[in-house]
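As a basis for the values below, the full set of heavy atoms in this structure was taken, side chains included, without hydrogen atoms, waters or symmetry mates.
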Amino acid sequence: MELNKLENLLDTIITQSESELTSDLKYTLNESKKVLLKSYDSLENEYDKIINDGKKESDKITKQILGSAELESRNKQLAMLEEYIEKVFSKVISKLENMTRTNAYSKFLSSLIEESIKILGTSDIEVSITNKDEKIIESALNKFTTVKLSSERITCLGGIKVRSKNGTMMLDNTIDARLANMKPLIRKEIATKFGVNN
Amino acid sequence: MAKSGIQYSKIAEIKGPLVVVDDVDNAAFDELVEIQTTYGEKRLGKVLEVGNGKAVVQVFEGTTGLSISQTNAKFVGKVMEMPVSEQVLGRIFDGLGRPKDGLPDPIAEKFLDINGSPMNPEQREYPRDFIQTGVSVIDGMLTLVRGQKLPIFSGSGMSHNVLAAQIARQASVVGTNDEFAVVFAAIGVQYSESEYFRRSLEESGALKRSVLFLNLADDPAIERIITPRVALTVAEYLAYDVGMHVLVILTDMTNYAEALREISAAREEVPGRKGYPGYLYTDLSTIYERAGRLGGKNGSVTQMPILSMPSDDITHPIPDLTGYITEGQIVLGRDLFRQGVYPPVNILMSLSRIMKDGIGEGRTRADHQEISNQNYDAYSRAQEVRALVGIVGKAGLTDIDLKYLDFGDAFEKEFLTQAVDENRSIDETLLLQWKSASLLPKNELTKVKDKFISMYYKSTK
């Protein structure tokens, strides 16, 4: 009798424990599912973040590579263009160096003297020329009675350098100076001929 | 300016950066002058004053080594011009606009007067639309608008140059196919800083859409007067002739003002505040007012001048007068800088006056203004609570005070703080704004409409 009671008690305890354990297990399972669900969210967020960061990084690297490649090729093109522009200038200078001093050139010198008088605001001036123009300058100077020819000779392609009588004003009206002043515009013209800036 | 090319040899005086030429007939104000020594050395200058047969010439490259008897001044017959074309993009120039990258002069499309053409007020259009800098605190709370002039007020040693380079690398216009360019003028910076700017743009690939002007600290101070002007001339060409949106970054305008003071002192002018000339305001306005948009033109010139305030003094004449002309200011804070916060923007002292015209639906996002106002308000409250903690300690705070304290910390740590190479989109910036705001209870968000709260608020509970 006593033994039956004990068995019943044991059964009850076992059943109770079983149901408690099952309920605990169910609770734990539910909790685990919840945690898992939550971690899915954060995992997805983390995944998105990694993908996003990776995309940003790859965009950055693409931009770097493309940017520097484009610049490098542009710079090479610029250097090459400049080389050709310089070649054109050298040819022009060599032609000017070897040009024959004709009547037209004498008229050109006269116009330079006239221009210089206008700019300086006085006709009391002294003109310096290159050795090559010694023969032709006389005819150019004919109509300017107050203009004197300096004994000093200058090195240039052609044209004149003018000094006021008191020596305070000077005007460089040589072909070299004119070429230097016009160089940026001439460069543009040459570049246009090569198809740049069109 | 008809009489061009005359060379005068009668130099009356050389004082500081100025050369006084005697017996000069018909020189023009602002005319370009070539100073030549008998040894063939050439320097550039411009006419500052004419009259009584004298011309005062300011020599950009300084007067060191010039003597009265062996110096000539050639009056060129035109004002200083900058050769411009699209080819200037990707190039590096010195403070006077001469190539510094070993490449030839750009083939010029035009030669433009560096003083710019005055904008017809009738043609001016109100600044609109957003420029994304990729820096959260600027995009989110101090938005830069196309055509705006928004200065950065910094202090010596602070990270303004790092910020300037980051903005130059990252800035872009979003939601449009319009082209964007950055003109970066470094005025009186150290060699290491100039190298940093150059490398930073080169390595990021941003140089191809940038033009860099570098005037170094050891370059003659007088060149600094020219640097912002050549930079703005290029910017105006790119904006109004080519149709690009151009952001001009000028750093450091304090060095510019110092150069102006040096010339003023040499000219023996009556000094104004702190020795700066009385016309400092007018002079600065001739630079800052070159920002804007023109009717019928697609492009825009936006300016971000950077100036370091001597002794962090915001009442100093340079920031003071700059503030009168510009449309707001971004102030860098010494406290935040010391705490290691980058960028150390003191939000409560900063303001972008025309931000409202660059943000909102169709430009950034409908909730932008409201969430920005909310965070400004909450950060201000957080600062008050921090002050209170200093007196009563944390124990004396209410629960809501503690929430604001947490907000302040998180706001500085997550929203304000950003890596030097971190380029945040406007969506990321707004997300971070909402993340900070979500640390506060919903009922504290009084500046934001309920519909936005329901869309973007994310409770942390």
Response to the item:
chain B shares the most heavy-atom pairs under 4.5 Å, among A/Pro184, A/Ser68, A/Ser116, with A/Pro184
Item to complete: Answer with side chain, backbone, both or neither: which region of A/Ile85 has an atom nearer than 4.5 Å to a non-hydrogen atom of chain B?
Response: side chain
Item to complete: Return yes when atom NZ of A/Lys132 has more than 12 non-hydrogen atoms of other residues, nucleotides or ligands closer than 6.0 Å, and no otherwise.
Response: yes
Worksheet item: Taking atom NZ of A/Lys161 and atom CD of B/Gln7, what is their separation to the nearest 0.5 Å?
Response: 7.5 Å
Fill in: Structural part of A/Arg163 lying under 4.5 Å from a heavy atom of chain B
neither
Practice prompt. Count the heavy atoms belonging to other residues, nucleotides or ligands that lie under 6.0 Å from CD of A/Gln77, then report whether that count exceeds 12.
Written response: no
Discussion item. At a heavy-atom distance under 4.5 Å, which candidate from A/Asn181, A/Asp172, A/Asn75 has the highest pair count against chain B?
Written reply: A/Asn75
Discussion item. Restricting to non-hydrogen atoms, name the atom on B/Pro104 and the atom on A/Arg187 that form the minimum distance, rounded to 0.1 Å.
Written reply: CB-NH2, 4.0 Å
Worksheet, complete the sentence: Among B/Asp105, B/Asp22, B/Asp421, B/Asp23, the residue with the most heavy-atom pairs under 4.5 Å to chain A is B/Asp105
Worksheet item: What's the spacing between A/Leu171 CG and B/Phe75 CZ if we round to 0.5 Å?
Response: 13.5 Å
Discussion item. Counting only non-hydrogen atoms closer than 4.5 Å, does A/Asn52 touch chain B with its backbone (N, CA, C, O), its side chain (CB onward), both, or neither?
Written reply: side chain
Practice prompt. State whether A/Lys56 and B/Glu428 are salt-bridged, where the test is any N-O pair (Lys NZ or Arg NE/NH1/NH2 against Asp/Glu carboxylate O) under 4.0 Å.
Written response: yes
Worksheet entry | Distance in Å, B/Ile107 CD1 paired with A/Leu78 CG, rounded so as to fall on 0.5 Å steps | 7.5 Å
Response to the item:
Under 4.5 Å to a heavy atom of chain B? For A/Leu71 that would be side chain
Practice prompt. Name the region of B/Asn423, side chain, backbone, both or neither, that has any atom closer than 4.5 Å to a heavy atom of chain A.
Written response: backbone
Worksheet item: Hey, is CE on A/Met99 packed in by over 12 heavy atoms from elsewhere, all under 6.0 Å?
Response: yes
Practice prompt. Would you indicate whether the side-chain heavy atoms of A/Met170 and B/Asn72 approach each other to under 4.5 Å?
Written response: no
Worksheet item: How long is the span from the CZ atom in A/Arg74 to the CG atom in B/Leu89, to the nearest 0.5 Å?
Response: 7.5 Å
Worksheet entry | Contact origin within A/Leu81 toward chain B - heavy atom pairs under 4.5 Å | side chain
Item to complete: Measure the spacing between OG of B/Ser204 and NZ of A/Lys63 and express it to the nearest 0.5 Å.
Response: 6.0 Å
Response to the item:
Looking only at heavy atoms, the pair that brings B/Ser9 and A/Gly167 closest together is OG-O, 3.0 Å
Worksheet item: Above 12 or not: heavy atoms from other molecules or residues under 6.0 Å from CG of A/Asn30?
Response: yes
Item to complete: Measure the shortest side-chain to side-chain distance between A/Asp53 and B/Glu422 over non-hydrogen atoms and say whether it is less than 4.5 angstrom.
Response: no
Worksheet entry | Heavy atoms from other residues, nucleotides or ligands near NZ of B/Lys54 exceed 12 (cutoff 6.0 Å) | no
Discussion item. Is it the case that atom CD in A/Glu72 sees more than 12 heavy atoms from other parts of the structure closer than 6.0 Å?
Written reply: no
Worksheet item: Just how far is it from atom CD of A/Gln64 to atom CZ of B/Arg169, taken to the nearest 0.5 Å?
Response: 10.0 Å
Practice prompt. Under 4.5 Å heavy-atom distance to chain A, tell me which part of B/Leu103 shows up: side chain, backbone, both or neither.
Written response: side chain
Practice prompt. Tell me, yes or no, whether the heavy-atom count around B/Asn52 atom CG, taken from other residues, nucleotides or ligands under 6.0 Å, exceeds 12.
Written response: no
